[in-house]
Amino acid sequence: MLLTTKFLRPSADSRAVRRDRLISLLHPEAPKRLNLVIAPAGFGKTTLASQWCSQTTSRTAWLSLDEHDNEPRRFWEYVVGGFEHAGLANLDTCRKLLSQDSGDASTGAVTALLNTLAEDDSAWALVLDDFHFIQDRGILREFAYFIDYLHPGITVTIASRTEPALPLARWRVRRWIQDIHPGLLAFSEAECRQFFKDTMGVELSGNDAATIYRKTEGWVAAMQLSALSGRTILGHSQQSPASSHLEVDERHISDYVLSEVLQNQPEEAVQFLLDTACCPRLCASLCNSIRGQGDSQEKLEQLLSQNLFLIPLDTHNEWFRYHDLFRDALLYRLHQSSPERAKELRRETVSWLLEHGEVHEGIAQILQLEDWPWLASVLAEHGNNLIHGGYHLPVLGWIDALPVDLLQDSPQLQMLKIWGLFFANRVDTLEPLLTSLEDLLDKRVADSHPDAEGALGLQSEISLIRSYLARTRSDEKSASDLTRQVLKDIDHTQIPLKSVTYYGVGLDYYGQGNLGDAEDALRSAVHYGQIERKPSTVLSSGGLLAWIQYDRGDIDIALDTCTEVRRWVDKHYADPTQPVLISCWQNSALTEIFRETDRLEQASTYLAPLLEHVDGGTEPGQHVIIQYVRGHLAFSEGRLNEAVEFLEDAAHTGRKRRDHIVFEPPASEALLARCYLTLGLVNKARDCLGNPDALEWSNPLNREQMQISMARVLVASNKPDTAQEMLTALMRAAEKNAHIRHQVEILLVYAEALDHQSRQNEAREILERALVKASNAGFLRLFVEESRRVRELLLELPSLKSPGSWNQRLLSMLAEQGVEEKAPERTEIPPTITATVPKPAEVPLVEPLSQRELEVLSLINDGYANKEIAAKMDVAPATVKAHIRNLYGKLGVKRRTEALVRARNLGLLHH
């Protein structure tokens with residue numbers, strides 16, 4: 001459902017000053033594509049755009065944006081809706097693309113919209129009001145694409161308080177932009193006089209108009225406030241709060257004008273304004289609560305009718321906010337006249353916000369009050385859910401704001417800090433905190449403290465944290481024992497821990513290769529996570545569940561799992577002011593699913609949000625998973641050099657940071673070996689896998705994957721007999737544990753081994769078995785990515801030519817692969833494997849890295865995320881980012897993996 005009122009252009013007020021000198025600048029004129037109207041609040045941007053629309057001959061689409069539109073799909077739905085509301089036809093394709101449940105839906109819709117506008121071939125004008133609400137980089141990137149390929153004759157007008165992050169410099173060089181800045185928007189002296197006379201009904205002499213113009217610098221909002229006061233700012237002494245220079249947030253001028261406004265309002269209205277100024281947003285319920293009255297809706301509507309700077313936030317006159325400058329002045333007046341009353345009203349506001357689930361806004365108000373005991377109480381009540389909702393970093397910041405003695409005396413807050421650090425992956429800091437907390441809890445129990453029962457409950461949380469730490473040490477037995485002890489005790493505590501505990505159980509079973517029991521545990525984790533309102537646990541548990549379902553061959557079920565979990569999170573935790581909560585497990589599972597089913601573009605859309613975390617630094621286990629699926633997608637797309645780069649990075653991080661990973665990540669080396677084999681580097685593939693008799697993989701899935709890759713190396717080394725022995729043993733284990741994907745891959749490699757022995761008939765029989773297993777599961781690319789010889793044998797199978805959509809799809813993919821296959825990229829050896837060929841000498845750095853930059857580079861090489869580097873170097877995260885920007889510039893790279901390759905080639909790092 002789209003709010004049609006967002007498409008309604010504000011009616012042109014017949015009393016408003018005509019801005020003909022500016023309107024002429026907005027008219028279409030080749031090669032212009034964009035009108036950029038940039039100015040602070042109160043400069044008349046919307047009025048100007050509305051006046052222009054009322055007289056332009058172009059067909060006009062209008063869209064008023066708000067903070068909820070900073071999301072790609074929603075933004076483009078409203079842009080398309082604006083054109084449709086204005087009469088543009090044939091937008092069905094756009095709407096259909098936007099309705100698809102994929103991350104790139106909006107990208108396709110933008111192209112479809114451009115095509116529709118080109119086919120319409122009419123002169124169109126699109127006005128986007130309040131564009132400053134749009135900050136999402138994805139939207140801005142797509143909007144830049146929209147402007148770049150806009151059909152001639154179409155003009156876009158942006159009204160914004162700030163200049164958007166668009167390629168404006170390039171567009172200005174091409175003369176595509178008409179800039180209208182605050183200096184142009186400011187009223188001239190003549191317009192000032194006309195405004196007071198025609199719009200506000202106030203007669204001014206020439207001298208008076210000149211004085212007001214000089215003191216307000218043409219800022220129409222200040223002039224409007226002055227006119228509402230019923231008098232001018234003339235005739236006062238130099239000690240008047242008025243100033244000759246005006247800034248948008250100028251305290252003295254706004255306070256002076258506001259005092260004149262309040263003096264001309266009824267006492268009841270003044271009291272209402274002051275009482276409600278502490279509210280960041282207003283509704284009747286909130287206002288009634290803090291005022292102790294029941295007439296707030298009537299008061300709000302009166303203010304709205306009097307145009308007293310009250311801005312509706314919906315179409316039902318339920319939620320409002322004051323104009324920012326107006327509210328600032330009200331707050332200033334309230335604190336000056338009644339500081340205790342101001343504090344009391346703010347406390348009442350906070351109480352209402354907390355009772356109605358607006359915890360973030362409530363805490364922001366408490367911080368301004370500096371009421372630390374109250375902040376401690378709110379964090380104790382809401383902190384756990386905030387952390388599991390993805391807000392662990394803000395919670396850590398709020399805890400750090402508390403006085404030390406308040407934190408030391410609260411076991412619950414100490415536990416909250418431990419959870420926050422755990423979710424921030426600062427696990428190396430947890431042991432002393434856990435020990436200190438255990439000592440405090442033991443003392444309370446021994447002293448029969450009033451909260452002794454709560455202390456016993458916190459022991460379960462400590463055990464749960466210790467179970468995760470045991471997993472980082474590959475101590476699966478201790479992890480399992482601790483987790484089961486928590487499950488045993490959990491019903492006797494008041495702490496909602498079932499979801500996190502079952503997630504730990506699921507990780508244990510997954511690590512053992514027991515996929516069936518892992519699925520059951522993770523379903524319980526999702527179920528209890530929804531009951532306990534822990535969206536991050538729901539996403540992680542559902543994502544790992546989908547990953548397992550994919551491995552077991554239940555691709556459709558895995559997709560359903562991801563869809564249901566995402567729908568629940570979006571329904572209960574869709575905060576437009578916060579980034580979308582995503583899960584590494586879920587997005588990685590979706591990337592693998594769409595890659596395997598040959599929907600590579602969709603796979604890329606789910607991978608894209610994860611790459612920001614890799615480039616910015618993330619938890620090492622997540623880093624390995626992301627780079628693994630990134631490498632797998634690159635392999636499927638034939639980008640072998642990039643695949644090698646990503647997978648080597650994943651393997652390196654997995655080895656370096658094993659003690660910081662709470663599970664055994666995917667076997668990157670197995671997939672890396674496949675890349676080397678495809679490049680014709682058999683020895684490199686063998687070295688990558690190491691000694692098959694010394695595999696140290698505890699997860700059977702990873703162990704099987706490594707051995708399958710070793711069998712591939714054996715076949716490539718002309719040792720098919722040895723490969724068959726290994727694969728026969730592997731098949732028994734894979735069948736026992738229902739590892740369907742591995743069963744199919746084992747059969748494919750076994751068939752290739754038979755073909756090497758000239759046993760083609762037996763090879764075809766094995767391939768028939770592989771087809772049956774894969775068709776039930778939906779696997780496709782497993783076949784397409786095998787060797788040319790295996791694909792040839794598959795194309796000869798009569799069963800593949802039988803009716804059925806899956807058969808036809810695979811047949812088509814195999815045939816297409818056979819036609820389009822290129823020779824292996826043996827002439828483009830990646831930088832990481834240049835030991836086999838001479839490499840050109842590295843160009844030395846123009847400017848050497850500083851000692852600090854070398855330290856940062858070393859920590860990046862060890863797999864640390866930005867926030868961990870900041871903690872180790874005892875500097876601010878912003879300082880680390882600055883060091884990284886500098887070393888990227890000196891190395892001439894754009895991302896971490898490139899920086900590491902370049903540094904190793906320069907001898908700055910060792911492999």
Side-chain angles (χ1 to χ4, degrees), residues 71 101-103 385-393 419-420 422-425 468 471 499-507 510 518-519 521-530 532-551 555 557-575 578-595 602-630 632-633 650 661-666 865:
E71 187 275 323
D101 187 21
S102 65
N385 281 341
L386 285 170
I387 285 175
H388 288 276
Y391 303 114
H392 49 279
L393 294 179
W419 277 116
F422 174 78
F423 274 80
N425 192 45
Y468 281 99
R471 292 185 185 95
S499 61
V500 189
T501 309
Y502 275 111
Y503 178 56
V505 173
L507 281 174
Y510 175 66
E519 282 188 80
L522 292 168
R523 286 194 188 95
S524 295
V526 170
H527 171 71
Y528 286 112
Q530 292 172 345
E532 297 167 358
R533 291 290 192 260
K534 288 184 169 61
S536 62
T537 306
V538 171
L539 274 175
S540 296
S541 303
L544 180 54
L545 176 59
W547 181 281
I548 291 171
Q549 290 166 336
Y550 159 74
D551 267 325
I555 290 181
I557 294 175
L559 276 174
D560 289 342
T561 297
C562 291
T563 301
E564 291 168 7
V565 164
R566 183 79 258 173
R567 186 181 295 124
W568 180 86
V569 171
D570 289 343
K571 179 179 179 181
H572 293 88
Y573 293 90
D575 183 350
Q578 301 294 333
V580 175
L581 194 62
I582 65 170
S583 157
C584 172
W585 274 124
Q586 185 176 75
N587 277 51
S588 297
L590 287 167
T591 302
E592 280 289 273
I593 289 167
F594 285 116
R595 182 203 58 78
Q602 284 178 272
S604 296
T605 63
Y606 286 103
L607 175 64
L610 300 177
L611 300 185
E612 297 177 15
H613 298 277
V614 170
D615 294 336
T618 187
E619 184 269 323
Q622 294 183 4
H623 183 98
V624 175
I625 296 173
I626 295 167
Q627 291 293 75
Y628 174 85
V629 297
R630 188 183 190 183
H632 208 170
L633 181 59
I661 303 176
V662 299
F663 56 88
E664 188 175 281

A.B. asks: Hey, does Cys584 have a side-chain heavy atom less than 4.5 Å from the side chain of Ile626?
C.D. replies: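 Answer yes - side chains close enough.
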
A.B. asks: Name all residues meeting the side chain to side chain donor-acceptor pair (under 3.5 Å) criterion together with Arg523; count only those two or more places apart in sequence or in a different chain, and write none if there are none.
C.D. replies: Glu519, Asp520

A.B. asks: Please give me the minimum heavy-atom distance between Ser499 and Lys534, naming the atom from each residue.
C.D. replies: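 Shortest heavy-atom contact: OG-CD, 3.4 Å.
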
A.B. asks: Looking at Thr591 and Leu607, what are the two nearest heavy atoms and their distance?
C.D. replies: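 Result for this residue pair: OG1-N, 3.4 Å.
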
A.B. asks: Once salt bridge (Lys or Arg N to Asp or Glu O under 4.0 Å) is applied, what residue pairs with a partner in residues 539-550 remain, sequence neighbours excluded?
C.D. replies: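 Those involving residues 539-550 do not exist here.
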
A.B. asks: Tell me the closest heavy-atom pair linking Ala546 and Cys562, and the distance in Å.
C.D. replies: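 That would be CB-SG, 3.5 Å.
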
A.B. asks: Of the non-hydrogen atoms in Phe594 and Gln602, which two are nearest, and what is the gap between them?
C.D. replies: CE2-NE2, 3.7 Å

A.B. asks: How close do Val538 and Gly529 get, heavy atom to heavy atom, and via which atoms?
C.D. replies: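 So the minimum-distance heavy-atom pair works out to CG2-C, 3.4 Å.
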
A.B. asks: Taking only Lys NZ, Arg NE, NH1 and NH2, and the carboxylate oxygens of Asp or Glu, determine whether Glu592 and Arg595 approach each other closer than 4.0 Å.
C.D. replies: yes

A.B. asks: Any side-chain heavy atom of Tyr502 within less than 4.5 Å of one from Leu522?
C.D. replies: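 Not in contact.
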
A.B. asks: Hey, what's the ring geometry for Trp585 with Trp547, parallel, tilted or perpendicular (30° and 60° as the breaks)?
C.D. replies: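 Perpendicular.
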
A.B. asks: Mind listing the closest non-hydrogen atom pair of Ser588 and Leu610 along with its distance?
C.D. replies: OG-CD1, 3.6 Å

A.B. asks: Could you check whether any side-chain heavy atom of Leu559 comes within less than 4.5 Å of a side-chain heavy atom of Leu590, counting everything from C-beta outward?
C.D. replies: yes

